Amino acid sequence: MAELRVTAVHKSFGPVRALRGADLTVRSGTLMAVLGPSGSGKTTLLRCIAGFEPVDAGEIRLDGQQIAASGRTVRPERRRIAVVPQEGALFPHLPVRGNVAYGLDRHSRRTGRVESVLALVGLAGFEDRMPHHLSGGQQQRVAVARALAPHPRVVLLDEPFSALDAALRTAVRQDVRRALRADGATAVLVTHDQAEALSVADEVAVMHDGRIVQSGPPDLVYSAPADPWVAGFVGEAVWLPAEMTGDRAHTPLGPVPVVATGDRPPAMAGQVLLRPEQIEVVVPVARAAVTATVVGHDFQGHDALLALRLADGTPVVARIFDPASLPHVMGGEVGLRVRGAARAFPAPPQTPQ
Amino acid sequence: MAPAAGVRRRVRRMLPRPALAAAATAAVGVALLPLVYLSVRVGDAGWPRISSEVFTSRTGQLTARSVALAGLVTAASTVFGVTSAFLVTRTDLPARRLFGVLAALPLAVPSYVAAFAWVSTVDGFEGFWAAALVLTLVSYPYVFLPVAAALTRADPAQEEVARSLGSGPWHTFSAVTLRQVRPAMGAGALLVALYVLSDFGAVSVLRTDVFTRAVFTSVSLGFDRTGALVLATVLVVITLLIVSGEQLTRRRAAHYARLGGAGRPPTRLRLGRLRWLAASGLAGMGALALGLPAASLARWFGEGVSRPGSLTGLATAAGNSFTLSAAGAGLTILLALPLGLLGARTPGPVAVVLDRLAYLSHALPGLVIGLSLVFFGINVAYPLYQSVWLLALAYAALFLPLAVAAVGAAVLQAPPALEEVARSLGRRRFHVLRTVTVPLAAPGIGAGAVLVFLTCMKELPATLLLRPTGMDTLATELWSQTSVSAYAAAAPYAALLVLLAAAPTWWLSARTGVLAGGGS
């Protein structure tokens, strides 16, 4: 149970500047996802918090107590911050019980803590198995149980689900989240998978080039991204050139209500952001104000993305939720309608990495 | 930030674990002791004395003969080694697996055992050409094993690409395959050259006057210390020239990466009518390298063990070998632990330099190490002289790299991520070492200790010079019986040594994957 506060942390490896002033606040009892592309410094941030790497500048505080600053590093074993590495990293020579009990003192081993954390991750009765007899998902659950067992102040999870296959990943992810919540743990999850971050976390911190560029609740980060890069990284983005008049933007899709980003006034020329699910495909064509040509089709099972081109050549992507019911022949004409408000940005969008 | 903090951080980046680095440095210091003492003693002798020993026609003859022997054996071993490796791994040769084992097994025959077998079978078998033949037969596996392993591991996709671009099979072999194995071939050839230069057993049994034999003779006959030391130094210089020459010619591009993909076995070349010719050639090599020693041992063995008291002698010698080798292996592993840990955990310039320095003594002839320690014992550490520990020190100096490689590989069994997790669970570094690192690394370290132990059992020249008086080992008994042509008496020692030496050979071949992969 603790508040973790990272302030302006810098960390370089030779010429490589992995962290360039990272700020992060994790409230007690919440799960924070640090989301960023590979190379953005998220694993380095995690290792600095765990105490495996000293920081060059800035500081890290846990419950107000300083645990890392330039020239001062509290040892990992004194921090009570447990980690769950990427591949689980179970001790291969110890059975499940030995792994989970590793961080417990003799007294708490006898209080049934091992059994209760194993039950929490859904592995009751697995105490005597050896790690190599467990599946990948089970190994990850044991790794989480091992981290939770000694009641750490913070649990750090480093892309713990990336080695699992897609179907298993969702199940393990939900179970781990439930276990963390049931134990009241404060946790930081590092991931490059935006769907994972948005679905599992209480708060999301988006990391780019060694800095946290935005943090907040998942829905806010998705609907009100701080800059075009974040907008493109956390989801599919449709960018339209726009002229602003008051609270409306004039776009190739017609007039759209617009919300400003931050404190910038919306009344200036720029770009607006729409999410594909805000663009509705209407049949018959005659009932829509704008028409577009179908140029591509990306079927994803529960929904599909239609790549469209407007009459003036602007590319647009629409998400349709009932792919079977709509005609979408390549080269066919469809009508379009915009739902909700667009977000205005002054600068032209950057392409996300 | 204060400049002092910056300096401290830079030092910490270069030397993240100062205590470990200090222990590793101390270990390398112990291993380099013989070499350092040798140079100090030679330096003391003064230039006039040195030049009067070095610039003589005898030294010139010794140099020419030693270098010629090393060159001839290296060339012959490379040809035989590469040919048999290619035949075993890349063609439709019959009984490939069997030939793979046969080509690896001569490693298990110590050179003096092979020399004993030939000299006791063929009358008047001695001199330069005899030594060249015997040394080639026992040392071509040093080329065969790495080249066969490289050929097994090399990515067949590169050859397939060459074929698809229109190269014929032979052009592909010379342009692609041979380049893939060039680093392995170079490393193997270097081992052979060093092996021949440092060999004492075969050349002394076959009475070939090269450096090692001359040094030993001048010590044991005249006890001409300075002369022996100067000759030994010339040998050291030749060795260092060869090692650095190999380093210089090694090209950076010689490391070929495998670009992912499954480990497909390569397509095999059809030999057609040459198939049986190749098979009989390899069978002939096997007969000379293994068959003849086996026949000779079988012939003398019965006669040898039926002699009165022979079994007692054998048991005593085996016991002595065991004691000395156990002390040697124990000390070697102890010194290897910090070095292996440092190399595996905090790779960096310091670890690399220490690792190279440890190889320095390994490259030197056992005779030189032994000689230097004899004088070191007499002049500096008299309480150690004639004790087990001075010989153990020689073994450690000679075989430290074997143990370091084993420890390094074993420590990699416990990846750093495990130690980090353990520490994040609140355990101190030493507790983590005891409960995670050591239990995981122990089997590998144990295997390394056994390897060093068996290698010590076979060691001859340093053992001859440094064993406590009256403490005869299997190797020294075999050598002294052979020197007086008591072949029947020597045979049981030879047989036991071959058995002991076969174990690490088997282990080495299994590890390089030649035995496992040869048949698939």
Side-chain angles (χ1 to χ4, degrees), chain A residues 10-14 43 46-47 49-58 69-73 75-94 98-105 108 131 142-158, chain B residues 1-20 260 344-352 407 409-447:
Chain A
H10 287 258
K11 174 74 190 172
S12 300
F13 299 97
T43 295
L46 200 83
R47 293 177 60 79
I49 298 172
F52 304 145
E53 303 283 355
V55 304
D56 295 345
S70 175
R72 178 180 143 76
T73 304
R75 288 189 207 159
E77 62 265 32
R78 301 254 176 89
R79 294 189 179 196
R80 293 190 48 222
I81 296 180
V83 298
V84 178
Q86 218 161 58
E87 308 281 340
L90 297 185
F91 304 124
H93 59 302
L94 297 177
N99 267 282
V100 176
Y102 190 85
L104 296 177
D105 56 34
S108 11
V142 174
V144 170
R146 176 179 64 183
L148 284 176
H151 292 293
R153 298 197 286 186
V154 178
V155 178
L156 304 176
L157 304 107
D158 185 6
Chain B
M1 132 193 22
V7 170
R8 210 178 312 133
R9 192 154 55 232
R10 217 165 307 138
V11 170
R12 273 187 64 174
R13 190 165 301 140
M14 274 186 64
L15 263 180
R17 294 170 76 166
L20 189 59
R345 277 290 179 269
T346 54
V350 178
V352 169
V407 170
V411 170
L412 290 182
Q413 294 295 308
L418 289 183
E419 294 178 359
E420 288 175 358
V421 169
R423 293 189 69 196
S424 88
L425 292 168
R427 299 302 186 185
R428 286 152 171 278
R429 195 165 244 166
F430 185 74
H431 182 89
V432 174
L433 191 72
R434 191 169 59 75
T435 55
V436 176
T437 317
V438 168
L440 287 173
I445 294 174

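So you know, we letter chains A, B, ... as the sequences are listed, proteins then strands, and number each from 1. For clarity, every value in this text was computed on a predicted model and none was experimentally measured. Note: hydrogens, waters and symmetry copies are ignored here, and every other heavy atom, side chains too, is used.
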Pair up each side-chain donor or acceptor in residues 430-447 of chain B with any protein partner under 3.5 Å, not counting sequence neighbours, and list the distances.
residue : atom : partner : partner atom : Å
B:H431  : ND1  : B:R434  : NH2          : 3.4
B:T435  : OG1  : A:Y102  : OH           : 2.5
B:T435  : OG1  : B:H431  : O            : 2.8
B:T437  : OG1  : B:E419  : OE2          : 2.8

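Comparing A:G51, A:P92, A:A143, A:P150 by how many heavy-atom pairs each has under 4.5 Å with chain B, the most go to A:P92. Per-residue counts of heavy-atom pairs under 4.5 Å with chain B were compared for A:Q86, A:R146, A:R80; the largest is that of A:R146.
A search for side chain to side chain donor-acceptor pair (under 3.5 Å) contacts involving B:R427 returns nothing, not counting sequence neighbours.
Residue contact with chain B, scored on non-hydrogen atoms closer than 4.5 Å, involves the backbone of A:L104 exclusively. Proximity to chain B involves both the backbone and the side chain of A:F91, based on heavy atoms less than 4.5 angstrom apart. Of the atoms belonging to A:R79, not a single heavy atom falls under 4.5 Å from chain B. Contact of A:A82 with chain B is made through backbone and side chain together, with heavy-atom distances under 4.5 Å. Residue A:L156 does not touch chain B at all, counting heavy-atom pairs closer than 4.5 Å. With a 4.5 angstrom heavy-atom cutoff, A:A147 touches chain B only via backbone atoms. Using a 4.5 Å cut-off between heavy atoms, B:A422 touches chain A through backbone and side chain atoms alike.
Contact check for B:R423 versus A:R78: no side-chain heavy atoms found under the 4.5 Å cut-off.
Contact between A:P85 and B:V421 at its shortest, heavy atoms only, is CG-CG2, 3.2 Å. Taking both residues in full, the closest heavy atoms of B:R428 and A:E77 are given as CA-OE2, 3.7 Å, listed atom of the first, atom of the second, then distance.
Rounding to the nearest 0.5 angstrom, the gap separating the OG atom in B:S424 from the CZ atom in A:R47 is 11.0 Å.
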